[in-house]
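This report concerns only the one structure given below.
Chain letters run A, B, ... following the sequence lines, proteins first, then strands; residues in each count from 1. Atoms considered below: every heavy atom in the structure, side chains included; atoms not considered: hydrogens, waters and symmetry mates. Keep in mind that this is a model prediction, so the values were computed, not measured.
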2 protein chains.
Amino acid sequence: MTRKQNGMDNRIAKVGSVDVAKLAGVSRSAVSRTFTEGAYVSAETRQKVLRAAEMLGYRPNILARSLTTNRTHILGIITTDLINPFYALLLQECIERIQDKGLAAFVLRAAETDNDELISRLLSYQVDGVILANTKLASRTALDLANSGKPVVTINRYVDLDEITSVTCDNEEAGAQVADHLIAIGRKRIAFIAGDPDTSSSRDRERGFKQRLAEHGLKVQRESIGFYTHDGGAAAARMLLSPGTKPDAIFAANDLMGFAALDVAKLEFGLRVPDDIAIIGFDNAMAADWPAYRLSSVDQNIPRMVDVAIEEILSRLSGERSRTRHFRIATNLVARESTGATKMKD
Amino acid sequence: MTRKQNGMDNRIAKVGSVDVAKLAGVSRSAVSRTFTEGAYVSAETRQKVLRAAEMLGYRPNILARSLTTNRTHILGIITTDLINPFYALLLQECIERIQDKGLAAFVLRAAETDNDELISRLLSYQVDGVILANTKLASRTALDLANSGKPVVTINRYVDLDEITSVTCDNEEAGAQVADHLIAIGRKRIAFIAGDPDTSSSRDRERGFKQRLAEHGLKVQRESIGFYTHDGGAAAARMLLSPGTKPDAIFAANDLMGFAALDVAKLEFGLRVPDDIAIIGFDNAMAADWPAYRLSSVDQNIPRMVDVAIEEILSRLSGERSRTRHFRIATNLVARESTGATKMKD
DNA sequence: CTGAAAGCGCTTACAG
DNA sequence: CTGAAAGCGCTTACAG
């Protein structure tokens, strides 16, 4: 036992497989095998080892193991601003799923720039794969990553280059469904608040939305950019509601902007929602269901997205397929009072 | 070079310190030294190594290093439900700070029960220390952790036993300040919505609040439990506002419940806020500042809390101090319209 | 300042 | 089914 009782160091002695082997009266190989899925050990040996391990409080050092197996069972997640509740939920789901699979999640927060060093650090830690959640990556960095041979998948974004597998909701179809919904409730003067124009999510939602409107002979009457933030959404809404022909509906590319638009319309312009103006957001954030808002929105099915992403990484790790794919997960429009749905009394 | 070009395996050949050494014409010791803070290498050797490393795309394997240094530079964070925006922000801050320190953050999500296995897994990964963010831990588990010799600190909670260092905001003082505030605006019939009664945070807020009220000859007129959730808060508010002497102020132990109370008061009971009833929450969530709510709240100074927690872990790791401490970080009451502050026009 | 050698805690063919 | 030995990628006294 490597007991180092030198002076101040009152740390617990680390127990290794040797210690267990010694106590159990077997070889280190035997203890290794009892802790290795599907390795050959007799029931008897296994028992002896388990008992000894229990007594000593032995826990295999996963990091040491990774040195020989070449698998760390660590997945890296790069995320951005968790003040956006959708991102927080997405991250939570990733963490949970990874955990359920018996893997560990390394979480890094990406600044807007300078992600190269982050990636480099991730690779130093020998992660088995990486999930880019809501992260824009410089194309070069993305390529480097792809070339590292590690499975990489982006969630809720995709990179221009086709080298990297992505999982997003079906933003384009979702945009179209929002158009259908607004048309169905008889709106004609329709406005749009874009998210961050740099993101694929905002662009796809916009494209699907406008295209479906066009199929019905309509077009967006006014539009503005809200950058996916509450303040940005408020500013955009003020612009859309400024003098002139006011819209009778607003589609905000996320809920944060939808909440802002709702508040601006009601409190600053004295409009009635949905009578004077219908408003719909995107993400189906928790607050969309709160009485003060009752904001119609689009649910992204986060669990499914994360599931697909992780399965993809796992199957790559087991060497199954390797073609890059772009998964589109179906969304679900949730109609609430902000677009005229009557309140459900529970 | 360990190039394994066997068949389907198109993975990039892993380059190790041997490869770099060979290319640079030096020993592995030399390359190790150039990548080790403050080790002796001549400028010349260093250059050769750096150049070779650059060419090969070499990155030291941190995990392998940890085997001999006994430091992984990984910190484990155990968090709970990120749907609570305060928790999400706290986690974000932890991740960011850890990253800034050049460490890596392992994030686990704790279920309500069964955390033992989680902890065990964390220890398998040889984390250098662990942060328990908003996590209740079975006392036994907590003790095990403390006994593992790893620095552990809880944020926003503390465990009954005194073995573990904690960082929280000064919940008791904050509760007292809320009492002062409500008294200052002339309220007399004061109600309280508790969070999860199992948490130290809720209990401490309540204690400070009631004590200060008592000092002014007042007491909580009605109280209920909202379990820190929106729905729980709504139910609690309905109870508080039921027939009888209605309160003229409510202190909700977090914002989620505060929002719910505000909505219930306004929309279900037709009360004017703050004229008929003043409402104040806790956490200063983003939505507290939204026009629909303008909810007075208490800001917890997350950056400071996280800073203290991480410094504590770091200083323990460098063997400096070891006495358990309970840090209390000062809060800041943010008065908004829900308790009568006039709106700031920006 | 530098290199050879031993060691960190595990796993894995290889014989038996 | 089991054990001795070599190896994973690094670091660190130890000599020089």
### Query
Counting any heavy atom closer than 4.0 Å, what does Val18(A) reach on the DNA or RNA strands: base, sugar-phosphate only, or nothing?
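Touches nothing.
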Between atom [atom1] in [X] and atom [atom2] in [N], what is the gap in whole Å?
X	N	atom1	atom2	answer
Gln126(A)	dC8(D)	CD	P	14 Å
His73(B)	dC10(D)	NE2	C1'	13 Å
Tyr40(B)	dA13(D)	OH	P	13 Å
Glu44(B)	dT2(C)	CD	P	8 Å
Leu67(A)	dG9(D)	CG	C1'	5 Å
Lys22(A)	dG9(C)	NZ	P	12 Å
Phe35(A)	dT12(C)	CZ	C1'	18 Å
Gln47(A)	dC1(D)	CD	P	15 Å

### Query
Taking C-beta and beyond as the side chain, do Thr154(A) and Thr135(A) meet within less than 4.5 Å on heavy atoms?
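No, their side chains stay 4.5 Å or more apart.
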### Query
So, do Val127(A) and Leu75(A) sit near enough that their side-chain heavy atoms are less than 4.5 Å apart?
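Counting from C-beta outward, Val127(A) and Leu75(A) never come under 4.5 Å.
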Closest to side chain of [X], choosing from [options]:
X	options	answer
Ser42(A)	dC10(D), dT2(D), dC10(C)	dT2(D)
Asn61(B)	dC10(C), dT11(D), dC10(D)	dC10(D)
Ser32(A)	dC14(D), dT2(D), dT11(C)	dT11(C)
Thr45(A)	dG3(D), dT11(D), dT2(D)	dT2(D)

### Query
What is the base-pairing partner of dA15(C), counting Watson-Crick and G-U wobble geometry with both distances under 3.5 Å?
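Result: dT2(D).
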Distance below 4.0 Å between [X] side-chain N/O and [N] OP1 or OP2:
X	N	value
Ser29(B)	dG3(C)	no
Tyr58(A)	dC10(C)	yes
Ser17(A)	dC10(C)	yes

### Message
On DNA chain C, does the nearest nucleotide to Val41(B) precede the nearest nucleotide to Arg28(B) from the 5' side, or the other way round? Give the residue.
### Response
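Closest to the 5' end, via its nearest nucleotide, is Val41(B).
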### Task
Using heavy atoms to find the nearest nucleotide of DNA chain C for Ala64(A) and Arg33(A) separately, return the residue whose nucleotide is more 5′.
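Looking at the nearest nucleotide for each, Ala64(A) comes out on the 5' side.
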### Message
Roughly how many Å apart are dG16(D) and dT12(D), using the C1' atom of each and rounding to a whole number?
### Response
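Rounded to whole Å, the distance is 16 Å.
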### Message
Check this for me: does the side-chain of Arg59(A) come within 3.5 Å of the base of dG9(C) through a donor and an acceptor?
### Response
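There is none.
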### Task
Tell whether Ser27(A) reaches the base of dA4(D) with its side chain through a donor-acceptor pair below 3.5 angstrom.
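No.
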### Query
Do Arg109(A) and Thr80(A) get their side chains close enough for a donor-acceptor pair, meaning under 3.5 Å?
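Short answer, no.
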### Message
Is a donor from one side chain sitting under 3.5 angstrom from an acceptor on the other, for Thr45(B) and Arg33(B)?
### Response
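Looking only at side-chain atoms, Arg33(B) and Thr45(B) do not form any donor-acceptor pair under 3.5 Å.
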### Query
Quick one: do Arg304(A) and Glu93(A) make a salt bridge, cutoff under 4.0 Å?
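No salt bridge links Arg304(A) with Glu93(A).
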### Message
Testing Val167(B), Thr165(B), Val152(B) one by one against Glu312(B) for a side chain to side chain contact (heavy atoms under 4.5 Å, CB included), which residue passes?
### Response
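It is Thr165(B); the other options fail the test.
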